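Quick notes on the structure that follows.
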Amino acid sequence: MTSQDSGTVVVFGATGQQGGAVVDGLLARGARVRALVRTPESDKARALAARGVELTAFRIDDPAAQVAALEAAGAFSFMTPDSSSPAEIEDEVRLGAALVDAAVAARVPHVVFNSVSGAEHDSGVAHFASKGRVEEYLRQSGLRVTVVRPTAFMESFSFVPLTVEDGELVLKMPFPDGVGLKLVALKDIGNVAAAILLGLANVPGGAIEVVADQLTGSEIAAAFGARAGLPARYEARPLSDVSDVEDRAMFRWFAQASAYPADLAAVREIEPAVWDLPEWIRCSGWTAPADSGRRDQRAG
Ligand SMILES: NC(=O)c1ccc[n+]([C@@H]2O[C@H](COP(=O)([O-])OP(=O)(O)OC[C@H]3O[C@@H](n4cnc5c(N)ncnc54)[C@H](OP(=O)(O)O)[C@@H]3O)[C@@H](O)[C@H]2O)c1
């Protein structure tokens, strides 16, 4: 399908990681894209415009402008920004609801919400529950809705502690070993969402968990070690090491979430070229950090 028969796709969050990946997936498929951005003069917004993306200013206190931006859209993609404190969480839900209201007023034929894996469960994570509330609001809206629920971004390994100690690659996470962590690369979230937005993929039940790999801590460490040409070791750190309450709840949930089977085949059916973790490590240009020459961080 081309932009000719899909109409313009409006994207909220296009200057961010997920929305940016959705824009990439849409442009790669020849779609016309309009981005709803709060700062059209920002470098990221200008970079989108330079790639042919139409920019429309977004202000949460201007519902009429939001509706106008969505008028005649073929489809609408949105996510809600990260939140942590109770006030931020209420802001996240308010933003999501405002975007849904605008989509209703503009009679958008199909809305795709990038939520989070776990929003559909009682995860104990406040910024997952907030997305569950936006999902519920969408369901009540009467719109045609598809929910895309990404698992943990592989890109997070750019800042998760990976060290080299005496020639050994060491990964430490507050996550028990022997349990599979669900992972996906941003580009695959974008490609899956784009295919759905353009009507190139059907999602039975109206929601899909976007998961591309599921690996234990030792398997993740081994994948990085293999790339670095080093032996690897995983250290499961206790949850009590995590000072942030939300992060602690999230890692607790990640361990519980392995009880819900990952449907890798459903994602591959939409995006056959999905990256597993070794592929992400290779393609992201990840390189091992310098050897710290010490084994001083062992659990205990
Ligand atoms: N990290 C993970 O592993 C993971 C996994 C699944 C789901 N998630 C969820 O993904 C979300 C983060 O997505 P992301 O990484 O794409 O976010 P991001 O890179 O921080 O981008 C956020 C986008 O939202 C816009 N934005 C932020 N606050 C806004 C506001 N108040 N009004 C209007 N626009 C606003 C930003 O615009 P500006 O350019 O103007 O700032 C930007 O386009 C979070 O909700 C998180 O819970 C994360």
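Just so you know, ligand 1 is whichever comes first in the structure, and atom 1 is the first atom listed for that ligand. Bear in mind the structure is a predicted one, so any value in this text is a computation, not a measurement.
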Distance from atom 3 (O) of ligand 1 to nearest protein heavy atom, with residue and atom: F153 N, 2.8 Å
Non-hydrogen side-chain atoms of V37 and F58 separated by less than 4.5 Å: no
Exercise check, heavy-atom protein proximity under 4.0 Å to atom 20 (O) of ligand 1: no
Sub-4.0 Å protein heavy atom next to atom 25 (C) of ligand 1: no
D82 heavy atom under 4.0 Å from ligand 1: yes
Sub-4.0 Å heavy-atom approach of T151 to ligand 1: yes
Proximity of K44 to ligand 1 by residue part, where a heavy atom lies under 4.0 Å: neither
Nearest-option assignment for atom 27 (C) of ligand 1, heavy atoms, candidates R59, M79, E88, R38: R38
contact_flag F128 ligand 1 heavy-atom lt 4.0 Å: no
Qualifying residues under ring-ring contact (aromatic ring centres under 6.0 Å, His included), relative to F175, sequence neighbours excluded: none
Sub-4.0 Å heavy-atom contact, R149 with ligand 1: no
CD on E120 to CD on E136, rounded to 0.5 Å: 13.0 Å
